[in-house]
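Sharing a structure, written as structure tokens. Questions coming.
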Amino acid sequence: MKILVYGAGNMGSLYAALLKEAGEDVSLLARGKRLQNIREQGIVLEEFGSGRQTTTHVKTVASLEPEDAYELVLVFLPRNHVREALPILARNQQTPSVMFLGNNAAGAEEMVEALGQARVLLGFPGAAAVPHNNSIRYLILAKQEQPTTIGELDGSRSPRIRSIANTFRSAGFPVSICANMDAWLKTHVAEISPTGNALYMVDLDIQRLAHTRDALLLMLRAIREGYKVLSKIGVPITPKKHLIFQWLPEPLLLVLMRRMLEDRTASIKIGHAVEARDEMQTLADEFRKLIQKANIYTPSIDKLYRYLDEQTEPATDSDSSVK
């Protein structure tokens with residue numbers, strides 16, 4: 001498959017390299033210093049568990065021109081940068097499928113308006129990746145945890161979506177085809193936004209978050225509030241296994257969340273929040289529009305929202321803001 005990976009950040013670079021290693025015809029769109037670095041050094045990956053390093057040389061382009069023809073464009077951009085790419089993608093009519101892989105609480109309307117419904121696909125990566133020295137340290141998530149999740153806007157298991165799923169699988173990514181990607185993405189934002197904001201509350205110290213009961217409880221209650229918002233506006237919690245946040249008692253959830261944060265993989269799974277404050281702001285603002293639509297009181301979400309502002313002092317260990 002002839003693929004353009006649009007965005008050469010950690011995740012785009014990871015997918016481009018592994019797809020190339022699997023034999024796909026991959027080009028990576030990069031700019032500036034990143035473009036020069038990839039052309040000179042290739043994409044250097046370090047597998048989190050083993051420490052094994054690989055270097056992959058991928059074709060690079062500096063732009064997507066209207067006449068460029070690809071079978072698939074994979075868009076790996078922070079949510080706050082997607083809008084600026086839409087006119088460029090819209091001018092290119094040679095590519096039938098454009099998959100946006102990333103956070104999104106606002107829905108696909110803006111993409112559809114720019115590109116047309118037939119061309120737009122949604123997805124989310126089943127991997128974590130952070131910069132590490134001169135490489136990208138990565139972890140491919142297990143299928144039972146979070147596979148690469150993709151879907152058609154109408155929820156169908158079309159030949160196109162099944163072909164793309166097989167392409168990802170050939171590169172070593174477990175894949176799930178989702179019948180409601182919009183609900184999946186909104187559910188994810190309901191979880192990741194409070195998690196990121198709780199990290200800002202404790203000055204980006206994951207272990208401190210694990211052992212600061214007030215911050216952990218605020219994060220949990222904010223996630224539950226987000227679920228109530230989605231339920232009120234008719235968005236099903238997706239996948240259903242995440243309903244555990246609604247029915248499991250708080251003390252047990254706190255134990256589970258603490259264990260998750262204490263796990264050595266937490267630094268890579270949620271480490272993205274360290275450099276993603278602007279994206280987290282965009283996601284929180286998108287979700288606040290859903291809150292307004294639901295007309296629900298969300299005190300925990302509101303309290304955590306303040307910590308998105310870098311001028312807000314992180315909480316001290318002696319702070320007690322949760323009853």
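If you read the sequence from its start, that first residue is 1, and numbering goes on from there.
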Going by heavy atoms in the side chains, are Leu248 and Leu256 under 4.5 Å from each other?
->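 The answer is yes, as the side chains (C-beta and beyond) meet within the 4.5 Å cut-off.
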Under a 4.5 Å side-chain heavy-atom rule over Ile, Leu, Val, Met, Phe, Trp and Tyr, are Leu216 and Ile301 clustered together?
->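 Linked, Leu216 and Ile301 end up in one cluster.
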Does Thr55 reach the main-chain N or O of Val44 with its side chain, forming a donor-acceptor pair under 3.5 Å?
->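 Not confirmed, Thr55 side chain does not pair with Val44 backbone.
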Is there a path of hydrophobic side-chain contacts, each under 4.5 Å between heavy atoms of I, L, V, M, F, W or Y residues, that connects Met201 with Met219?
->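 Linked, Met201 and Met219 end up in one cluster.
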Pairing residues for Gln144 by the side-chain hydrogen bond (donor to acceptor under 3.5 Å, both in side chains) criterion, not counting sequence neighbours |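 For Gln144 there are no side-chain hydrogen bond (donor to acceptor under 3.5 Å, both in side chains) partners, ignoring immediate neighbours.
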Are Tyr297 and Glu225 close enough that a side-chain donor and a side-chain acceptor fall under 3.5 Å?
->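 Tyr297 vs Glu225: no donor-acceptor pair found between side chains.
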For the atom pair OG (Ser170) and CD (Glu24), what is the distance rounded to the nearest 0.5 Å?
->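 Atom-to-atom, Ser170:OG and Glu24:CD are 5.0 Å apart.
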Assess whether atom NZ of Lys59 is packed by more than 12 heavy atoms of other residues, nucleotides or ligands within 6.0 Å.
->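 More than 12 within 6.0 Å, yes.
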Side chain of Glu279, backbone of Arg79: donor and acceptor closer than 3.5 Å?
->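 A pair under 3.5 Å: yes.
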Taking all atoms of both residues into account, what is the closest heavy-atom pair of Leu290 and Ile233, and its distance?
->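 Smallest interatomic distance, heavy atoms only, reads CD2-CD1, 4.0 Å.
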Around Lys240, counting heavy atoms of other residues, nucleotides and ligands shown, do more than 12 lie under 6.0 Å from its NZ?
->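 Check fails, neighbour count at 12 or below.
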Side-chain contact test, heavy atoms from C-beta onward, threshold under 4.5 Å: evaluate it for Arg221 versus Pro299 and give yes or no.
->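 Answer no - side chains too far apart.
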Without swapping roles, check the side chain of Thr282 against the backbone of Asp278 for a donor-acceptor pair under 3.5 Å.
->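 Answer holds: yes.
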Lys269/Glu145 ion pair, N-O < 4.0 Å |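 Counted as a salt bridge, because a side-chain N and a carboxylate O are separated by less than 4.0 Å.
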Would you find a donor on one side and an acceptor on the other, under 3.5 Å apart, between the side chain of Ser158 and the backbone of Ser156?
->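 Such a contact is absent between Ser158 side chain and Ser156 backbone.
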Of the non-hydrogen atoms in Ala171 and Ala22, which two are nearest, and what is the gap between them?
->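 Looking at all heavy atoms of both residues, the closest pair is CA-CB, 3.7 Å.
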Sub-3.5 Å donor-acceptor pair from the side chain of Arg157 to the main-chain atoms of Arg162, do we have one?
->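 Flag not set: sc Arg157 to bb Arg162 has no pair under 3.5 Å.
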List the atom of Ala8, the atom of Ala30, and the distance in Å for their closest heavy-atom pair.
->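 That closest heavy-atom pairing would be CB-CB, 3.5 Å.
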Give, for atom OG1 of Thr238 and atom NE2 of His242, the distance between the pair rounded to the nearest 0.5 Å.
->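 The NE2 atom of His242 is 9.5 Å from OG1 of Thr238, to the nearest 0.5 Å.
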Transitively linked via ILVMFWY side-chain contacts under 4.5 Å: Val175 with Val73?
->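 Result: no, two separate clusters.
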Set of side chain to side chain contact (heavy atoms under 4.5 Å, CB included) partners for His132, sequence neighbours left out |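 Only Glu46, Ser135, Arg137 meet the side chain to side chain contact (heavy atoms under 4.5 Å, CB included) criterion with His132.
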Any pair with a residue in residues 186-208 that passes ring-ring contact (aromatic ring centres under 6.0 Å, His included), sequence neighbours left out, goes on the list, sorted by first then second residue, please.
->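 Sorted result for residues 186-208: Phe124-His188, Trp184-His188.
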Quick one: list whatever passes ring-ring contact (aromatic ring centres under 6.0 Å, His included) with Phe76, sequence neighbours left out.
->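 By the ring-ring contact (aromatic ring centres under 6.0 Å, His included) rule, Phe76 matches Tyr15.
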Is Leu139 reachable from Phe173 through a run of I, L, V, M, F, W or Y residues, each pair having side-chain heavy atoms under 4.5 Å apart?
->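 No, no single cluster joins them.
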pair Pro251-Val255: side-chain heavy atoms closer than 4.5 Å =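 No, side chains not in contact.
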May I ask you to decide if Leu141's main-chain N or O and Gln146's side chain share a donor-acceptor pair within less than 3.5 Å?
->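 It does not hold such a pair.
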Decide side-chain hydrogen bond (donor to acceptor under 3.5 Å, both in side chains) for Arg39 and Thr60; before the verdict, give the C-alpha distance in whole Å, the side-chain angles of both, and the deciding distance to 0.1 Å.
-> CA-CA 7 Å; Arg39 284 178 172 173; Thr60 55; 2.7 Å; yes
Passing candidate, side-chain contact (heavy atoms from CB on, under 4.5 Å) with Met1, options Asn166, Leu72, Val26 |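 Only match with Met1 under side-chain contact (heavy atoms from CB on, under 4.5 Å): Leu72.
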Ignoring hydrogens and angles, tell me if any N or O in the side chain of Glu71 forms a donor-acceptor pair with the backbone of Lys2 under 3.5 Å.
->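 Answer holds: yes.
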Where is the tightest heavy-atom contact between Leu28 and Gly7, given as atom of each residue plus distance?
->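 Looks like CD1-O, 3.6 Å.
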For the residue pair Leu304 and Pro194, what are the closest heavy atoms and their distance?
->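 Reported closest heavy-atom pair: CD1-O, 3.8 Å.
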Does a side-chain heavy-atom distance below 4.5 Å link Ile192 with Met280?
->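 Heavy-atom side-chain distance check passes, below 4.5 Å.
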Side chain Asp203, main chain Asp205, donor-acceptor under 3.5 Å =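 Side chain of Asp203 to backbone of Asp205: no pair is present.
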Show your working on side-chain contact (heavy atoms from CB on, under 4.5 Å) between Thr95 and Leu4 and close with a plain yes or no.
-> CA-CA 10 Å; Thr95 300; Leu4 173 67; over 6 Å; no
Kindly compute the distance separating OG (Ser231) from CG (Leu243), expressed to the nearest 0.5 Å.
->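 Rounded to the nearest 0.5 Å, the OG-CG separation comes out at 7.5 Å.
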Is Leu89 linked to Leu101 within one hydrophobic cluster, defined over Ile, Leu, Val, Met, Phe, Trp and Tyr using a side-chain heavy-atom separation of less than 4.5 Å?
->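 Per the 4.5 Å side-chain linkage, Leu89 and Leu101 are not co-clustered.
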If you look at every heavy atom in Arg224 and Phe245, which pair is closest and at what distance?
->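 Here Arg224 and Phe245 meet closest at NE-O, 2.5 Å.
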So, Gln281 versus Tyr305: side-chain donor-acceptor pair below 3.5 Å or not?
->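 On atom types as modelled, these side chains qualify, holding a pair under 3.5 Å.
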Got a second to check how far Thr167's OG1 is from Leu19's CG, nearest 0.5 Å?
->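 It comes to 7.5 Å.
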Report yes if the side chains of Glu286 and Asn104 come closer than 4.5 Å at any heavy-atom pair, otherwise no.
->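 Counting from C-beta outward, Glu286 and Asn104 do come under 4.5 Å.
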Give a yes or no on whether Lys232 atom NZ has more than 12 heavy-atom contacts from other residues, nucleotides or ligands under 6.0 Å away.
->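 Yes.
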Got a sec, which residues hit side-chain hydrogen bond (donor to acceptor under 3.5 Å, both in side chains) with Thr56, two or more places apart in sequence or on another chain?
->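 Partners of Thr56 under the side-chain hydrogen bond (donor to acceptor under 3.5 Å, both in side chains) test: Glu21.
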How about Asn134: does its CG atom have over 12 heavy atoms from other parts shown lying under 6.0 Å from it?
->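 At most 12 heavy atoms, drawn from other residues, nucleotides or ligands, come within 6.0 Å of this atom.
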Look at atom CD of Gln246 and say whether more than 12 heavy atoms of other residues, nucleotides or ligands are closer to it than 6.0 Å.
->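 More than 12 heavy atoms, drawn from other residues, nucleotides or ligands, come within 6.0 Å of this atom.
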Side chains of residues 106-114: which donor-acceptor pairs under 3.5 Å do they make with residues two or more places apart or in other chains?
| residue | atom | partner | partner atom | Å |
| --- | --- | --- | --- | --- |
| Glu110 | OE2 | Arg83 | NE | 2.6 |
| Glu110 | OE2 | Arg83 | NH2 | 3.0 |

Under a 4.5 Å cut-off applied to non-hydrogen side-chain atoms, are Phe287 and Val229 in contact?
->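 Of all side-chain heavy-atom pairs linking Val229 with Phe287, at least one is under 4.5 Å.
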Side chains of Ile270 and Leu261: does their closest heavy-atom pair fall under 4.5 Å?
->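 Yes, their side chains come closer than 4.5 Å.
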To the nearest 0.5 Å, what is the distance between CD1 (Ile206) and CG (Leu209)?
->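 These two atoms lie 8.0 Å from each other.
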Side-chain donor-acceptor pair under 3.5 Å between Glu262 and His211, yes or no?
->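 Judged by distance alone, the side chains do pair up.
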Taking 4.0 angstrom as the limit, do Lys186 and Asp182 come out as a salt bridge?
->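 Yes, charged N to carboxylate O under 4.0 Å.
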Counting only heavy atoms not in Gln94, do more than 12 fall under 6.0 Å of its CD?
->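 Atom CD in Gln94 is crowded, with more than 12 foreign heavy atoms closer than 6.0 Å.
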Taking Thr187 for the side chain and Ile237 for the main chain, is one N or O donor matched with an acceptor at less than 3.5 Å?
->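 Not a single qualifying donor-acceptor pair exists.
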Euclidean distance, Glu84 CD relative to Leu86 CG, rounded to 0.5 Å =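 Going from CG on Leu86 over to CD on Glu84, the span is 9.5 Å.
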Test item: Asp68 side-chain N/O and Asn92 main-chain N/O as donor-acceptor pair under 3.5 Å |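 No, Asp68 side chain to Asn92 backbone: no donor-acceptor pair under 3.5 Å.
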Non-hydrogen side-chain atoms of Ile164 and Arg160 separated by less than 4.5 Å |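 Answer yes - side chains close enough.
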